[in-house]
Novice: 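Pasting in a structure now, in structure tokens, and then I'll have a few things to ask.
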Amino acid sequence: MNLFAEIRALVISALDDMVAKGELPQGLDFTAVAVEPPRDAAHGDMATNAAMVLAKPAGQQPRQIAEGLAGRLMADPRVAGADVAGPGFLNLRLDAAVWHSLTRAVLLAGKEYGRASIGQKQKVNVEFVSANPTGPMHVGHVRGAVVGDALANLLAFAGWDVTREYYINDGGAQVDVLARSAYERYREALGLEPEIREGLYPGDYLIPVGEALKAKYGDSLLDKGEQYWLAEVRDFATEQMMAMIREDLAALGVRMDLYSSEKALYGTGQIEAAIQRLRDMDLIYEGVLEPPKGQLPEDWEPREQTLFRSTAHGDDVDRPVKKSDGSWTYFAPDIAYHYDKVSRGYDQLIDIFGADHGGYVKRMKAAVSALSGGKVPLDIKLIQLVKLFKGGQPFKMSKRAGTFVTLREVVEQAGADVTRFMMLTRKNDVALDFDFDKVLEQSKDNPVFYVQYANARINSVLRKAREAGWIVEDATLSGVDLSGLTHPAELALIAKMAEWPRLVEIAAKGNEPHRVAFYLYELASDLHSLWNRGNDELSLRFVQDSESASLPKIALARATGVVISAGLAILGVTPVEEMR
RNA sequence: GGCCCCGUAGCUCAGGGGAUAGAGCGACCGCCUCCUAAGCGGUAGGUCACAGGUUCGAAUCCUGUCGGGGCCGCCA
């Protein structure tokens, strides 16, 4: 039940009637007509901009349209008041019964309340994390992982058919480095002194890989040339790294639907096919790029390369797909990979990248635009840095100093739930501070706690009720007469719940999961506010002397808990029943 | 030099065509014999970086400027 959608439908039908009666001209476009929560609660429960939006095309004064609209809306039992205000807003007050039936609807729908269908079962692919398989995941990956996962949850809830995908960069030079590093650990496992040369990965996490290599190959790889063992060790080590990464992701509560391999694109003709398709559209040519402006790389010299005419699809310069030695650039398999995604029939692609990949956005969009004939939109979310703090002091991390923070350490320190929530308390393109002490603090500074505390209070109410022997199952509560819920603080809480389905749609349309976290904070705030009013006004307490007086209040509390749980589920956070 | 992101209260940030721009922290003043005060209420605090433009209406869209960050051929 999306109350805003219902009232908007009511407004539209009233407008249709005005057209039918000749009060408005034919052929007006109503798409810009919105029904929204007013900025100021004093303005009522909902506001519509209909009169202002239509004034010009209709050639009438906003007030005139608003008056006609108000009269018709008032005829509906749901509307208790309709006042023209400001430059032509129509402020609506809703009958208390509307709020009561909404509360009932929440209880009946349970965790399905707010589920939307705007996705229309369209297939969307969310590619995220895609960390190089050369080591454990570190803090830098955490935010992207959480944002991607929460976004996938959100889109699924809003009616999309979602695939979560991880692109394994196992085709480039870095996995050769991994192989060489693992090989040294293999030698170490055999009792030799490892030579961790400059440029190799020094991390301890490769020691068990060396052991495993020893277990598998004995000393058969020893004293052999690289050409003999490189491919095998590379595949073996990559697999081990991916196993570790999967475990890291699992610790964060992230599960992928699909792992796609870059290496698998080589040798299958997929890269060639993707490039050929671009060539068929005359988007591939041999050429020499202009030198970049500003400071030149010292060894810069003009060279002929195979270039993708990305400028034809909105990029600033054309991009090389082949190096001057004839091998593919990193971009080429990326093109092939995105072509593969397009070919798999997705209606929409989303990539979650680190902000340092910002320079890649235009060329990637250009490639997808070209390869899909402009049919498949690609949205790329750039994830800004997470700055670590401890007790308010910057927490410096450096691989060399050994203060290299892994994802696992973050989860072990802060917990997956806290980590996930915190990662969503900022818009993706703004840097985020993460303080190891503060996120565990039990105060309202800490939004995770604040929301969880609201839920704990609700559960406390339910516990008390059960102790009193009252039946507070959803099925029972949804049948309770709620007409006693009339206080503004109670109705404000219900009104906030009414916003949930609308918020889901807005957040999903914009691929903005952080909005859910902010919404939950507001909802929790309304709950806490009402709770504390119970200090002064006993009639506002959730638990009253009698069962009949309590049940409507408890229904309200329980409904709020349902929405909190639904929201937390999208964030991938477990609601707590009790604070400890 | 080019491209991308950011600039909103002392601080950290929401809001991204609509009314008198919001929240938390910090400051100040209040609220527990009472469901969890781990909370709540109130006060003070703003030329929404700046300048133009589009619009009935701009913090929001466009252009430019300034400031902070990121990226910038054969790295992934």
Side-chain angles (χ1 to χ4, degrees), chain A residues 32 34 36 38-40 42-43 47 49 52-53 55-56 61-62 85-89 91 132 134 169 171-175 177 262 288-297 299-303 305 307 315-320 322-331 333-334 354-362 380 382 384-385 425-433 441-447 449-450 452-454 456-457 459-461 463-465 510 514-515 517-519 521-522 525 527-536 538 541-544 550 553-554 557 578-580:
Chain A
E36 306 173 312
R39 193 192 289 275
D40 188 338
H43 293 144
N49 61 357
M52 288 181 293
V53 172
K56 195 168 189 179
Q61 293 299 314
F89 282 102
N91 291 326
N132 286 344
T134 55
N169 290 286
Q174 79 280 1
V175 282
V177 175
E262 174 193 359
V288 179
L289 285 175
E290 293 283 308
K293 299 279 189 331
Q295 78 276 29
L296 280 179
D299 58 348
W300 197 93
E301 52 183 278
R303 288 199 179 143
Q305 296 170 291
L307 300 169
D315 202 354
D316 307 304
V317 289
D318 294 338
R319 307 290 178 174
K322 268 188 182 177
K323 304 174 192 172
S324 50
D325 68 4
S327 64
W328 298 117
T329 61
Y330 178 78
F331 186 36
D334 245 4
D356 55 343
H357 287 58
Y360 234 71
V361 171
K362 284 191 180 179
I380 298 181
L382 296 179
Q384 264 296 347
L385 291 178
T425 54
R426 289 285 177 275
K427 216 165 25 176
N428 61 281
D429 47 20
V430 175
L432 181 151
D433 294 347
E441 208 171 278
Q442 303 209 330
S443 76
K444 66 172 177 176
D445 301 23
N446 180 354
F449 166 78
Y450 189 78
Q452 294 280 31
Y453 184 37
R457 279 181 151 173
N459 278 287
S460 160
V461 166
R463 268 197 309 277
K464 299 261 177 207
H514 73 279
R515 287 179 185 269
F518 281 94
Y519 170 80
Y521 188 89
E522 291 168 15
S525 178
L527 187 277
H528 287 309
S529 176
L530 174 57
W531 183 284
N532 273 77
R533 277 175 188 268
N535 287 336
D536 300 328
L538 296 181
R541 296 188 170 205
F542 293 103
V543 177
Q544 299 286 325
S550 300
K553 317 272 191 194
I554 293 173
E578 201 172 354
M579 305 309 297
R580 284 179 296 109

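Below, read A as the first sequence line, B as the second, and so on, with proteins coming before strands; counting in each chain starts at 1.
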Novice: Side chains of A:Tyr330 and A:Asn169: do they bring a donor and an acceptor to under 3.5 Å?
Specialist: yes

Novice: Searching all strands shown, indicate the nucleotide that pairs with B:C25 (Watson-Crick or G-U wobble; both distances under 3.5 Å).
Specialist: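 When the pairing criteria are applied, B:G10 turns out to be the nucleotide that pairs with B:C25.
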
Novice: With a 3.5 angstrom cut-off on both distances, give the Watson-Crick or G-U wobble partner of B:A58, or none if there isn't one.
Specialist: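 Here B:A58 is not engaged in any pair, so there is no nucleotide opposite it.
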
Novice: Over how many whole Å does the gap from A:Lys362 atom NZ to B:C71 atom P extend?
Specialist: 17 Å

Novice: Go ahead and name the base partner of B:A49; Watson-Crick or wobble counts if both distances stay under 3.5 Å, otherwise write none.
Specialist: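 WC or wobble partner is B:U65.
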
Novice: Spell out yes or no: do the side chain of A:Lys427 and the base of B:G15 have one donor N/O and one acceptor N/O closer than 3.5 Å?
Specialist: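 In this structure, the two groups form no donor-acceptor pair.
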
Novice: How far does the P atom of B:G15 sit from the matching atom of B:A23, given to the nearest Å?
Specialist: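 These two P atoms come out 15 Å apart once rounded.
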
Novice: Kindly say whether A:Glu441 contributes a backbone atom to a donor-acceptor pair with the side chain of A:Asn446 at under 3.5 angstrom?
Specialist: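 Indeed, once roles are kept as given, a pair shorter than 3.5 Å links the two residues.
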
Novice: Whole Å only: how far is the CZ atom of A:Phe518 from the P atom of B:G16?
Specialist: 12 Å

Novice: B:C75 C1' sits how many Å from A:Glu262 CD, rounded?
Specialist: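 Distance check: A:Glu262 CD to B:C75 C1' gives 12 Å.
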
Novice: Between B:C74, B:A37, B:G24, which nucleotide gets closest to the side-chain atoms of A:Gln305?
Specialist: B:C74

Novice: For A:Thr329 and A:Lys323, indicate whether the former's side chain and the latter's backbone hold a donor-acceptor pair under 3.5 Å.
Specialist: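 Judged by distance alone, no pair lies under 3.5 Å.
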
Novice: Counting heavy atoms from C-beta on, name the nucleotide in B:G15, B:U55, B:C71 closest to the side chain of A:Arg515.
Specialist: B:G15

Novice: Taking CZ from A:Phe449 and P from B:A37, how many angstroms apart are they, rounded to a whole number?
Specialist: 11 Å

Novice: Do the side chain of A:Asn132 and the main chain of A:Thr134 share a donor and acceptor less than 3.5 angstrom apart?
Specialist: no

Novice: Whether the side chain of A:Gln544 engages the backbone of A:Lys553 through a donor-acceptor N/O pair (distance < 3.5 Å, no angle test) should be reported.
Specialist: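 Not confirmed, A:Gln544 side chain does not pair with A:Lys553 backbone.
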
Novice: Would B:C31 be called syn or anti here, given the cut-off of 90° from 0?
Specialist: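 Here the answer is anti: the torsion falls beyond 90° from 0.
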
Novice: Once you apply the 3.5 Å cut-off to both distances, tell me the Watson-Crick or G-U wobble partner of B:G16, or none.
Specialist: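 Paired with no nucleotide.
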
Novice: To the nearest Å, give me how far apart CG (A:Asp536) and C1' (B:A37) are.
Specialist: 12 Å

Novice: Does a side-chain N or O from A:Thr329 land closer than 4.0 Å to OP1 or OP2 of B:C74, or not?
Specialist: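 Checking A:Thr329 against B:C74: no side-chain N or O falls below 4.0 Å of OP1 or OP2.
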
Novice: Within the sub-3.5 Å range, which N or O atoms of nucleotides 17-22 of chain B have a protein N or O partner, and how far apart are they?
Specialist:
from  : atom 1 : to      : atom 2 : distance (Å)
B:A19 : OP1    : A:Arg39 : NH2    : 3.4
B:A19 : OP2    : A:Arg39 : NE     : 2.6
B:A19 : OP2    : A:Arg39 : NH2    : 2.3
B:A19 : N6     : A:Asn91 : OD1    : 2.8
B:A19 : N1     : A:Asn91 : OD1    : 2.9
B:A19 : N1     : A:Asn91 : ND2    : 2.9

Novice: Which whole-number value in Å describes the distance from A:Met579 CE to B:A37 P?
Specialist: 13 Å

Novice: Would you mind telling me which of B:U36, B:G73, B:A76 lies closest to the side-chain atoms of A:Leu289?
Specialist: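 From the listed options, B:G73 comes nearest.
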
Novice: Nearest whole Å is fine: how far is B:G24 C1' from A:Glu522 CD?
Specialist: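 From A:Glu522 CD to B:G24 C1': 12 Å.
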
Novice: Shorter than 3.5 Å, N or O on both sides, protein versus nucleotides 40-43 of chain B: list them out with atom names.
Specialist:
from  : atom 1 : to       : atom 2 : distance (Å)
B:C40 : OP1    : A:Tyr450 : OH     : 2.4
B:C40 : OP2    : A:Lys444 : NZ     : 3.1
B:C40 : O4'    : A:Asn532 : OD1    : 3.3
B:C40 : O4'    : A:Asn532 : ND2    : 3.4
B:G41 : OP1    : A:Ser529 : OG     : 3.4

Novice: Are A:Gln305 and A:Lys322 close enough that some pair of their side-chain heavy atoms sits under 4.5 Å apart?
Specialist: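 Not touching, per the 4.5 Å side-chain cut-off.
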
Novice: Quiz question: by atom type and distance under 3.5 Å, do the side chains of A:Tyr519 and A:Arg515 form a donor-acceptor pair?
Specialist: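 Absent: no donor and acceptor within the cut-off.
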
Novice: Rounded to the Å, how far apart are A:Tyr521 OH and B:A14 P?
Specialist: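 Result: 14 Å.
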
Novice: Determine the interatomic distance between C1' on B:U65 and the same-named atom on B:G73; round to the nearest Å.
Specialist: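 31 Å, rounded to whole Å.
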
Novice: What about A:Arg426, does its side chain sit under 3.5 Å from the base of B:C13 through a donor-acceptor pair?
Specialist: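 Side chain to base: no pair present.
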
